[in-house]
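On a predicted model such as this, the values are computed, not experimentally measured, just so you know. Quick note on labels: first sequence line is chain A, next is B, and so on, each numbered from 1.
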Amino acid sequence: MLFIINERLPVMVVPFLEAALTYQRIESLSGKLLMTDELIRFFSKRTPDELEVLVRLTMGEVRPGYEGIEIGVAEKLVVKALYQVTMVPVDEIEKGRKTVGDIGLLTEEIMKRKMQMSLFSEPLTTERVFGNLEKMARVEGRSSQDLKLKMVAELLHDASPLEARYIVRIVCQKMRLGIADMTIIDALSYLFTPGFEKASLDLMSGSGLEKLHPLAERLPERSTSVLYSLMERLSIPKKEGIPPDEASRALAILEDLKGSIQKNREKIVRAYNIHPDIGYLAHLLSLSGMSAVESIMVTPFIPLRAMLGERLSSIGDIIEKMGGKAALEYKYDGLRVQAHIAREKDGTKIRLYSRQLEDITEQFPDVVEFLRNGFQCSSAIVEGECVPIDPDSSSFMPFQMISRRRGRKHDLAENIDQVPVVLVLFDCLFLDGRDLTTEPYLTRRDSIGEAFGGIKEEIDPEKGLVLSKMEIVDEASKGEEFFLRALEDGCEGVMAKSVSDQSVYQAGSRGWLWIKYKRDYRSELSDTLDLVVVGAFHGSGRRKGTYGALLMAVLDDVSGEFHTLCKLGSGFNDEDLAVIKEIIDEERGERENVWKNVFSKMEVDVHVKPEKVLEVVGAEITFSPNHTCSFNRMREGYGLALRFPRFTGRYRDDKGPLEATTEREVESLYSLQNRVISEKLPERGEEPGNDHHQ
DNA sequence: GTTGACTGCCC
DNA sequence: ATTCTGC
DNA sequence: GCAGAATGGGCAGTCAAC
């Protein structure tokens, strides 16, 4: 199935300018329907191969994400290429990045200024752009950076400024058009729903609809706006001077059509969720129509998109949302793993996929062994969280431990010894040839036991397979108790799961059948921090012209220095962004003037005098190689940082920088973060709060 | 051979 | 991961 | 409520530069 586009025939001739103009129009529009119309127009009347390439380009990809093919080019390399093409000095380009806030737009501007000489260039085709992207993804080894750079430069050289904008964005995989996978699927569902032509003819042939003929004639364009405005006008027949019975007949035809589009959209979405490659689906649709897409089924060794959960901040709300009853499961802090297993003639084949569906089998041979030993059926897809454990105490280790295994290629054997893991299973999506994604939660959970007989909720480092701890609750107090126990046992929180008959596995979507509930969603359980702004970073995209993130520090009240704990870029609304810009522009200054008592390893765009205090909340304190809070005090060579930091919306104008959270306070939060919980718990008669951070 | 910038992918 | 926004 | 786009900490790998 691995093919190389260049080798396919026929050669396509879609000018890249057409793509660029389409993208430009999409960006300038507001309203998803209008954007969809542009896409529809762009995608229509293409061969299957052309369509596939156009879809991939629009997604900013060469191959589906799960194949793990990397272009390996991002902003820094683009800056170099841009320099090669325009001879505008790198530091000038860098300066522009800060004011323009979008590497694509910046490229366009610089090209406009500097490119009078490219009259002899060859017009770009989408094929050529795509072909170069593929080459970029393929090259590696010595001088590969140079080659990639040359390929970007080559495209830029032949591109008009507008085309350059999008080449750069495609290369960096940041299209920011306001459309992405779901809107492309929308467009495809319009394009491949049959019946537009017939509806058009029907409307044209009826009597009394003459006023609508110009629109009805356009139906085969498959534009959303044509369909919607026809329907709107037919719904007010009197005003339009149309016979009511004619109108309702016509309306019924269009309702019908709209219904089919909706149904087809759902079918394509379903296909996408169980075969997450839109380029492939587009090709298939173009070649064989909807029926081919409908026949796509859940298949071992094709990873499904993971189901995600919504969030709520109280157990009571969760139980209410789920109709009075919910299953609560521990939410383990590790790597999400989708395991595909099948017995074959020459043994049991097993592959592991990450949440983004990358193949991570090679990094976890121990997990593969656990699965092989425990598996009692013929084929299955199961899902779980791979968590690092301390085998002596059977307690969980911090997330940072397992990060050391993810993606590792070297010294695997030692690494496996250093970071033992177990796989905590929580779902079963496929068993012995049967697709279970449409079965309710409790059925799927039972199937885990069927696949792995004797699997238990207790951690068994030898066996390596664990069933996620679960309890069905119908009152908040019971749920709270379970939640606190989860925290005590070293988990992030709980995942509530609907136990209704409708509780299917919603691959790829974030619905209300699963609801996340974490400690830091609850203010009583997570302390907020009052941090001092010491630096700022220019924003990009919709944050251009304001600061995208701030560098935040604590006070070391012994030395009077400010030490950094995190950057902060989440939790700001538009007003906050504007206010913060003013604050910073007031306090900013030259490094040597304003950073006399600031100790930071991190470079910033703008140095800020430690003055303003903002309230920040995060999930937990971790060791940090980048931040200077408590540097060398808790661990040699490391400081402390805040995981998942965000602004609470509260400006602590009542506090000066000397009243900010101190380094010592952060240290004590770090030491206490696992114990505080157990003090709030009733006795359990088991081991006391396990301080799982060694 | 070692280091550091850059990139991509985990959360 | 979390959060905000436009529709 | 959905889809999209801002942003966080931190890890490993790759490659260029030393």
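When rounded to the nearest whole Å, the span between CD of A:Glu310 and P of D:dA3 equals 11 Å. A:Asp574 places its CG atom 12 Å from the C1' atom of C:dT3, with the value rounded to the nearest Å. In this entry the distance linking CZ of A:Phe572 with C1' of C:dT2 reads 12 Å, nearest Å. The distance from atom CG of A:Asp186 to atom P of C:dC7 is 16 Å, rounded to the nearest whole Å. Computed from coordinates, the A:Tyr23 OH to D:dG4 P distance equals 14 Å when rounded to whole Å. Per the geometry, NE2 belonging to A:His538 stands 13 Å off P belonging to D:dT7, to the nearest Å. What separates CG of A:Leu312 from C1' of C:dT2 is a distance of 15 Å, to the nearest Å. Rounded to a whole Å, the CD1 atom of A:Ile580 is 13 Å from the C1' atom of C:dT3.
Counting any heavy atom pair closer than 4.0 Å across all strands shown, A:Lys518 reaches sugar-phosphate atoms only and no base atom. Residue contacts for A:Phe647: at a heavy-atom cut-off of 4.0 Å it reaches no nucleic acid atom on any strand shown. Across all strands, A:Lys601 comes closer than 4.0 Å to no nucleic acid atom at all (heavy-atom distances). Counting any heavy atom pair closer than 4.0 Å across all strands shown, A:Gly334 reaches sugar-phosphate atoms only and no base atom. Within 4.0 Å of A:Lys331, counting heavy atoms only, lie sugar-phosphate atoms of the nucleic acid but no base atom.
A salt bridge between A:Glu362 and A:Arg351 is present, with a side-chain N of the basic residue lying under 4.0 Å from a carboxylate O of the acidic one. Here A:Asp317 does not pair with A:Arg311 in a salt bridge; the nearest charged N to carboxylate O distance is not below 4.0 Å. By the 4.0 Å N-to-carboxylate-O rule, A:Glu310 lies too far from A:Arg510 to be salt-bridged with it. The pair A:Asp146-A:Lys150 counts as a salt bridge, with a side-chain nitrogen and a carboxylate oxygen less than 4.0 angstrom apart. The pair A:Arg97-A:Glu94 meets the salt-bridge criterion, with a side-chain N (NZ, NE, NH1 or NH2) lying under 4.0 Å from an Asp/Glu carboxylate O.
In this pair, A:Tyr651 and A:Phe647 present their aromatic rings perpendicular. The plane angle is above 60°, beyond the 30 to 60° band. Between A:Tyr670 and A:Phe623, the angle of the ring planes lies from 30° to 60°, which puts this pair in the tilted group.
DNA chain D is contacted by no residue of residues 528-535 of chain A, taking any non-hydrogen atom closer than 4.0 Å. For residues 167-178 of chain A, proximity to DNA chain D is found at A:Arg176, A:Leu177, A:Gly178, defined as any non-hydrogen atom under 4.0 angstrom from a strand atom. Residues from residues 26-38 of chain A that place a heavy atom under 4.0 Å from any atom of DNA chain B: there are none.
The side-chain contact (heavy atoms from CB on, under 4.5 Å) search around A:Ser225 returns A:Leu34, A:Asp37, A:Ser223, not counting sequence neighbours. Partners of A:Arg522 according to the side-chain contact (heavy atoms from CB on, under 4.5 Å) rule, which considers only residues two or more places apart in sequence or in another chain, are A:Glu480, A:Phe483, A:Tyr517, A:Glu524, A:Leu525. Under the rule for a side-chain hydrogen bond (donor to acceptor under 3.5 Å, both in side chains), A:Glu320 has no partner lying at least two apart in sequence or in another chain. Listed by chain and number, the residues in a side-chain hydrogen bond (donor to acceptor under 3.5 Å, both in side chains) with A:Glu667 are A:Ser630, A:Arg633 (sequence neighbours excluded). Considering only residues two or more places apart in sequence or on other chains, A:Tyr521 meets the ring-ring contact (aromatic ring centres under 6.0 Å, His included) condition with none of them.
On the nucleic acid side, DNA chain B contacts chain A at distances under 4.0 Å to non-hydrogen atoms, with the end points of that region at B:dC6 to B:dC11.
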* Structure fact -> Contact string for nucleotides 8-18 of chain D, one letter per nucleotide 5' to 3', B = base within protein heavy-atom range under 4.0 Å, S = sugar-phosphate only, - = neither, reads BSSBSSSSS--
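A:Ser540 has a side-chain polar atom (N or O) that falls below the 4.0 Å cut-off from OP1 or OP2 of D:dT7.
Applying the side chain to side chain donor-acceptor pair (under 3.5 Å) test to pairs two or more places apart or on separate chains, those with a residue in residues 167-180 of chain A are A:Glu27-A:Arg169, A:Asp102-A:Arg169, A:Asp102-A:Arg176.
Distance check on atom C1': C:dT3 versus B:dC6 gives 27 Å, rounded to whole Å.
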If you look only at distance, which donor and acceptor atoms sit under 3.5 Å apart when one is on a side chain in residues 541-551 of chain A and the other is two or more places apart or in another chain?
from	atom 1	to	atom 2	distance (Å)
A:Arg542	NH1	A:Asp574	OD1	3.4
A:Arg543	NH1	A:Gly548	O	2.9
A:Arg543	NH1	A:Gly569	O	3.0
A:Arg543	NH2	A:Gly569	O	3.3
A:Thr546	OG1	A:Arg543	O	3.0
A:Tyr547	OH	A:Asp585	OD1	2.8
A:Tyr547	OH	A:Arg588	NH1	3.1

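Side-chain atoms of A:Asp181 and A:Tyr272 form a donor-acceptor pair, as typed in the model, at a separation below 3.5 Å.
Heavy atoms only, all atoms of each residue included: A:Val78 and A:Val73 are closest at CG2-CG1, 4.1 Å.
You'll find the side chain of A:Gln363 stays beyond 4.5 Å of the side chain of A:Arg406, heavy atoms only.
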